[in-house]
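Everything numeric in this text was worked out from a predicted model, so none of it was measured. Throughout, a chain's letter reflects where its sequence line sits, starting with A, and its residues are numbered from 1.
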2 protein chains.
Amino acid sequence: MRAIADVARLAGVAKATASRALSGRGYVSEETRQKVVDAARSIGYVASPNAASLVTGRTKSVGVIIPFINRWFFAEVLEGMEVALLEQGYDMTLYNLPAASPERDRIFEYFLARKRFDAVISVGVALSETEVDQLHRLGRPLVGIGGPIRGVHTIAIDDVEAARLATEHLLSLGHTDIVHVGGVLVDEMDFAVHSNRLRGFTSAMMSAGLATDGCFYASEFTLPGGHAVGMEVLGDPRRRPTGIFAACDEIAVGIIVAARELGISVPADLSVIGIDGHPYAEMFRLTTLEQHPREQGRLAVVSLLAELDNPTEHRADGELTELPPRLVMRASTSGPRPKA
Amino acid sequence: MRAIADVARLAGVAKATASRALSGRGYVSEETRQKVVDAARSIGYVASPNAASLVTGRTKSVGVIIPFINRWFFAEVLEGMEVALLEQGYDMTLYNLPAASPERDRIFEYFLARKRFDAVISVGVALSETEVDQLHRLGRPLVGIGGPIRGVHTIAIDDVEAARLATEHLLSLGHTDIVHVGGVLVDEMDFAVHSNRLRGFTSAMMSAGLATDGCFYASEFTLPGGHAVGMEVLGDPRRRPTGIFAACDEIAVGIIVAARELGISVPADLSVIGIDGHPYAEMFRLTTLEQHPREQGRLAVVSLLAELDNPTEHRADGELTELPPRLVMRASTSGPRPKA
DNA sequence: CTGAAAGCGCTAACAT
DNA sequence: ATGTTAGCGCTTTCAG
């Protein structure tokens, strides 16, 4: 309940001086600064950011909208952002955004509209035109991760390129019978990711002169999802691919587990490559492309703070920062077994 | 930028009336209420919670401290809380609490001290005496999940009982050679969970007249952690247990994967039981005890709001709400194979 | 039932 | 370098 007036009185100065001394803005003699700081500490004074926000318009808080918490990639992004924000004294308020629904609308119309945040970070959400407008109307910096947003600075890896890389890796090992297990395309709205990775796959296959009919299977982005599809794809020994490119490591691991259950040896009889750099990759000897989620989170925050510190700088219009995906480990891939 | 004064002017009433109409507190004729609401909507007015907080002391926001985000149990708790809080119009600000460190101290001394939250939820953190005091000094409701906190209402499952149940399940199937793979006891500070589950295990074994020397192995609470320990425990065929009680499902699944790699058949040659109700359980046919993390999150919020609505109610002193763990699936457990 | 006025805790001019 | 004043946007007495 201690207010700055108490500190000022105790230090024998005016409120304004106390404010200057504690915030470090404006001229204060070293001597009085010390007095004020001591007084503040002695009564355990902590400034009320609410009162300050009211006058400065800054809240030292950012809002984050994200479609999943319980998914490795998203949780990593979250941790990366949290660390970076805390370091700069910012709070992170989290909204777990559901698919189109009244609850979702309420987040944009009510929670994000309350001027509570200095900025908003949108992680892996494809926002509707309306939603983008609502966010822009806030007049605050907005940065995206993963999904591209019209007129917004976005951090991402190049999904098309990553998918092409993964596919080319299998092709270069000599595989010609390759399948892509990717995201359900109905969820596409929320993940351009799905179609981008599919596009990269198709492009690489076509460049190699291979057809892609019937080479795509849809799966949930989870281990059980990959397992189920793996059972389906690998079940029939007569039309079984020798290589699989999975759109994420959870799917890839699920497929490897399925393969083991079916007695298919990886990588001797089946090569699998995923995307993410998931910690399970090592244990399952999974070849994968690192996606640096923590780093993406950190970069988003850095970009945000830059815009905040330098509002004169033109709003980055659809600028895109791309991280290069990095290929790691290769124990789950090898050339196809020569036909007997 | 629209303020309540604009709404008032447009509706032809005083600020006070507009405030009453919009907040629903105090007498307003239905007629003027309608006028005010219309005016508000017509200019897209959204109240500034900051300004309101300044006078009411309420922020409509709660702080959450949690040691991990990227762990199934914790992420589920988070989602459960988020849904329940949003429903009531509350924001959730997240702090990913590291182990003892200057960063950790800063969270208590600075971030949580700023009167920004109506309440604090502590998930799975064993707080130090100092930290508990700091939190109590805020004079705001505080509820815990998982870890017990002195003088604080806590939601949890009975870890000792759950561990006993799991162990008794194996015993009742006829196993006598049982190992417990639990948490590293050095991390104990943060999880009474570890020692509680060990205690339940030991108690059940002793009741059955079995010794427990050398029956405990420590692991990280992760799939790779369980895998590594599984390899170690199951590596030597001559002294291999017939039953394993894992302290969480991640560990349990890791052990099952290890067993498969070693050609050990589950459950014919090895029974495994875990705790959590993790979604991977089904795919690996894992016997497990449900821990209802989402429900725990929801209950914590309900309890919080109750205290908030009814501050006269005595601060719940160390009250404990326990959820009953529920046993599900049993495909990974069976009686021990009769000795040849 | 409604209005006028005070003030929550702080910072930003403007003086001095 | 420091003090004085005004006011951020809202709710809440207190009168009417």
* To do: For A/Tyr27 and C/dT11, give me the distance from atom OH to atom P, rounded to whole Å.
  => 19 Å

* Quick one: is B/Arg20 getting a side-chain N or O under 4.0 Å of the C/dT2 phosphate, OP1 or OP2? -> no

* Asked: Given atom CZ of A/Arg116 and atom C1' of D/dG9, what is their separation to the nearest angstrom?
  -> 14 Å

* Asked: Nearest-Å distance, CZ (A/Arg25) to C1' (C/dA13)?
  -> 14 Å

* Separation of D/dT12 C1' from B/Leu54 CG (nearest whole Å) -> 13 Å

* Examine C/dC10: is either OP1 or OP2 under 4.0 Å from a nitrogen or oxygen in the side chain of A/Tyr45? Give yes or no. => yes

* Would you mind telling me which of C/dT11, D/dT11, D/dT4 lies closest to the side-chain atoms of A/Val55? => C/dT11

* Respond yes when some side-chain nitrogen or oxygen of A/Ser19 is under 4.0 Å from OP1 or OP2 of C/dT11, and no when none is. => yes

* Quickly work out the B/Arg2 CZ to D/dC8 C1' distance and round it to whole Å. => 17 Å

* Asked: Would a 4.5 Å heavy-atom cut-off, applied to side chains only, mark B/Asp6 and B/Tyr45 as touching?
  -> no

* Just wondering, do A/Glu79 and A/Pro293 contact through their side chains at under 4.5 Å, heavy atoms? -> no

* **DNA chain C: 5'-proximal contact among B/Gly12 and A/Thr56 (nearest heavy atom)** => B/Gly12

* To do: Establish, with yes or no, whether the OP1 or OP2 oxygen of C/dC1 is under 4.0 angstrom from a side-chain nitrogen or oxygen of B/Thr32.
  => no

* Is the phosphate of C/dG3, meaning OP1 or OP2, less than 4.0 Å from a side-chain N or O of B/Thr17? -> yes

* Asked: Between D/dG9 and B/Ser48, is there an OP1 or OP2 to side-chain N/O distance shorter than 4.0 Å?
  -> no

* To do: Evaluate the salt bridge (Lys or Arg N to Asp or Glu O under 4.0 Å) criterion for residues B/Asp118 and B/Arg140: first the C-alpha distance (whole Å), next the side-chain angles of each, then the deciding distance (0.1 Å), finally the verdict.
  => CA-CA 6 Å; B/Asp118 287 344; B/Arg140 309 215 168 288; 5.2 Å; no

* Asked: If you look at every strand shown and take non-hydrogen atoms under 4.0 Å, does A/Ala52 touch a base, only sugar-phosphate, or nothing?
  -> sugar-phosphate

* Asked: Starting at CG of B/Asp6 and ending at P of D/dG9, how long is that distance when rounded to a whole Å?
  -> 9 Å

* **Close side-chain approach of A/Pro98 to A/Ile107, heavy-atom, < 4.5 Å** => yes

* Structure fact -> Separation of D/dT5 atom P from A/Ile4 atom CD1, nearest Å, is 18 Å

* What nucleotide among C/dG3, D/dG3, C/dC10 has an atom nearest to a side-chain atom of A/Ala3? -> C/dC10

* What is the ring orientation for A/His194 with A/Phe221, classed by angle as parallel under 30°, tilted 30 to 60°, or perpendicular over 60°? -> parallel

* Would you kindly give the NZ-to-P distance between A/Lys15 and C/dA12, to the nearest whole Å? => 13 Å

